[in-house]
2 protein chains.
Amino acid sequence: MNDHDLKQTIKNIAVDLFNKNGYHGTTIRTIASEAGCSLPMVYYYYTSKKDLFHEIIKVDYFGILKRESERLDSSSMVDFYTNFILNVMHLNSYEKKIYRLGIKVYLSFDGDEELLSLMEAWEASILPRHSAILLPHLKGRADAHIRIRTLMHLLENLIEGIVVKNKVMSEEEIRQEISIVLGGE
Amino acid sequence: MNDHDLKQTIKNIAVDLFNKNGYHGTTIRTIASEAGCSLPMVYYYYTSKKDLFHEIIKVDYFGILKRESERLDSSSMVDFYTNFILNVMHLNSYEKKIYRLGIKVYLSFDGDEELLSLMEAWEASILPRHSAILLPHLKGRADAHIRIRTLMHLLENLIEGIVVKNKVMSEEEIRQEISIVLGGE
DNA sequence: TTCCATATCTAACGTACGTTAGGTATATAC
DNA sequence: GTATATACCTAACGTACGTTAGATATGGAA
């Protein structure tokens, strides 16, 4: 077995177990056992349990966030955001687990202060970024800022439903809800 | 110290620590230490760590949910739901922590299958209950069901923001977002 | 062949966990 | 006085944790 396989296998299993059992409820012994290797092999590839967890969030989770935030292009805002949610829904299983773990940390249900502050920095960037996209399309409507804020809340809930609760929504359902909030732009 | 004080103190501290550190990250030693009693005193009042956790969810959390779902009355739906969110925001600190722990279990970020199935039963009751309230007010609008669904998603996110992330929203902000979704009923 | 880097392991260290055994103290009733 | 119920404790049990020590095996280069 080459180093790439076992190192990645350990991380795959860690992502799964951290999601299911939390950081403290996941033991290195279980990870090693499911990876089919000995306990110190986990330490051969990852400095500590904490470093393994941090790498998943800092590298993998934020990698997904950045990638997803850069891959959209569309003419209409309803399409834009519908596709945004659809892309999340079409992430592969492993990526959804990473995303789910990220949300767990974002809600401060796991992880530590360092990771949480990274999350909060990202969160603070969301509203300005989306406002810049949306305001030109909302044509100086009096309630533009309210709609943007409401949309952010809705998107957050839809993503959470998909990623955390494994909910499945049709494209039509997603489009309808976003349309309600954007109000027939 | 009489039994009521120490038993309740233990639970108060458990709610706080289960929120902060999760079930597995919270030890009986820490609970006892912060309660100012010895370790076996926790067992004097609660059969096991698991029973303590279950009691918090089954008794305290569901107690709050049921109480909150029964205390609303209002003429307009926007007022109705605005008050619903305001009531959540005005829960006391301890109750918010219980609510937060409930959400943690609902998202299956903590707790076990038994608690999760209780959560899912409650969740399944939400949409029918709110549809029964809302449909008469939406006057046969073609998009009534979409609006209801969207509203449920929005409410979920607002509650989570308040309870989990300690966000503060003004009554006006809440009202505005609900109005967007209900569409000037 | 030897040397080095990489991969892998068993065993053990030091610490920590949930829970229980066995005991003491106090208040109340008889 | 004794007996009982309630509240509380120290010490210990049996088990488990994250991590390290020390060793072996393998492959490639010189």
Side-chain angles (χ1 to χ4, degrees), chain A residues 1-60 101 104-105 109-115, chain B residues 1-60 101 104-105 109-115:
Chain A
M1 183 179 288
N2 70 46
D3 67 340
H4 180 74
D5 288 347
L6 182 56
K7 187 177 184 184
Q8 188 61 46
T9 299
I10 287 167
K11 184 183 275 191
N12 292 353
I13 287 160
V15 165
D16 193 47
L17 293 179
F18 285 143
N19 257 303
K20 284 181 188 156
N21 305 316
Y23 179 84
H24 293 292
T26 298
T27 69
I28 303 291
R29 277 167 180 78
T30 308
I31 294 172
S33 171
E34 296 203 4
C37 68
S38 69
L39 187 51
M41 285 313 300
V42 182
Y43 292 95
Y44 183 77
Y45 290 112
Y46 299 98
T47 310
S48 66
K49 186 181 179 184
K50 175 177 170 177
D51 279 353
L52 172 57
F53 193 90
H54 275 218
E55 184 176 311
I56 293 166
I57 300 294
K58 290 178 184 176
V59 177
D60 301 291
L101 196 57
K104 202 175 190 185
V105 172
F109 285 146
D110 220 337
D112 53 33
E113 282 298 316
E114 183 193 339
L115 295 178
Chain B
M1 184 180 287
N2 72 45
D3 67 340
H4 180 75
D5 289 346
L6 183 57
K7 188 177 185 183
Q8 187 60 45
T9 298
I10 287 167
K11 185 184 273 192
N12 293 351
I13 287 160
V15 166
D16 193 47
L17 293 178
F18 285 143
N19 257 302
K20 285 182 187 154
N21 304 315
Y23 179 85
H24 294 292
T26 297
T27 69
I28 303 291
R29 278 168 179 78
T30 309
I31 293 172
S33 171
E34 296 203 6
C37 68
S38 71
L39 187 50
M41 284 313 301
V42 182
Y43 293 94
Y44 183 77
Y45 290 111
Y46 298 98
T47 311
S48 66
K49 185 181 182 183
K50 176 177 169 175
D51 278 355
L52 172 57
F53 194 91
H54 275 219
E55 185 177 309
I56 293 165
I57 299 296
K58 290 177 183 176
V59 177
D60 301 290
L101 196 58
K104 202 175 188 184
V105 172
F109 286 146
D110 219 337
D112 54 32
E113 283 298 317
E114 183 193 338
L115 295 178

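A, B, ... follow the sequence lines: proteins, then strands. Residue 1 opens every chain. Remember, predicted model here, so these are calculated numbers, not experimental data.
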(request) Can you figure out which of dG18(D), dA7(D), dT19(C) approaches the side chain of Tyr45(B) most closely? (result) dA7(D)

(request) Please examine the side chains of Leu17(B) and Glu34(B), heavy atoms only from C-beta on, and report whether any two atoms are closer than 4.5 Å. (result) yes

(message) For Gly36(A) and Lys50(B), find the nucleotide of DNA chain C closest to each by heavy atoms; which residue's nucleotide sits nearer the 5' end?
(response) Gly36(A)

(message) Output the rounded distance in Å from CG (Leu52(A)) to P (dG18(D)).
(response) 11 Å

(message) If I take atom CG from residue Leu52(B) and atom NZ from residue Lys50(B), how far apart are they, to the nearest 0.5 angstrom?
(response) 13.0 Å

(message) From CD1 of Ile28(B) over to C1' of dT15(D), roughly how many Å is that when rounded to an integer?
(response) 16 Å

(message) Looking only at the side chain of Tyr43(A) (C-beta and beyond, no hydrogens), which of the listed nucleotides dT19(C), dT20(D), dC9(D) gets closest?
(response) dT20(D)

(message) So does Glu55(A) get a backbone contact from the side chain of Lys11(A), meaning a donor-acceptor N/O pair under 3.5 Å?
(response) no

(request) May I ask you to say what Thr30(B) touches in the nucleic acid, namely base, sugar-phosphate or nothing, with a heavy-atom cut-off under 4.0 Å? (result) nothing

(message) Assuming nearest nucleotide by heavy-atom distance, tell me which of Cys37(A) and Arg29(A) is located more 5' along DNA chain C.
(response) Cys37(A)

(request) For the residue pair Phe109(B) and Asp110(A), establish whether any side-chain heavy-atom pair is separated by less than 4.5 Å. (result) no

(message) With a 4.5 Å cut-off on side-chain heavy atoms, are Phe18(A) and Lys49(A) touching?
(response) yes

(message) So if I take every side-chain heavy atom of Leu39(B) and compare against dT20(C), dT19(C), dT20(D), which nucleotide ends up nearest?
(response) dT19(C)

(request) Name the nucleic acid region contacted by Thr27(A), choosing base, sugar-phosphate or nothing; use a 4.0 angstrom heavy-atom cut-off, strictly under. (result) sugar-phosphate

(message) Using whole Å, what does the distance between atom C1' of nucleotide dC17(C) and atom CG of Asn21(B) come to?
(response) 15 Å

(request) Could you state the atom-to-atom distance from CD1 of Ile31(A) to P of dT19(D) in whole Å? (result) 10 Å

(request) Please check the phosphate of dA7(C) (OP1 and OP2 only) for any side-chain N or O of Tyr44(A) closer than 4.0 Å. (result) yes

(message) Taking the minimum atom-to-atom distance to the side chain of Leu6(B), which one of dT20(C), dT8(C), dC8(D) wins?
(response) dC8(D)

(message) Of the options dT8(C), dC8(D), dG18(D), whose atoms approach the side-chain atoms of Met41(B) most closely?
(response) dC8(D)

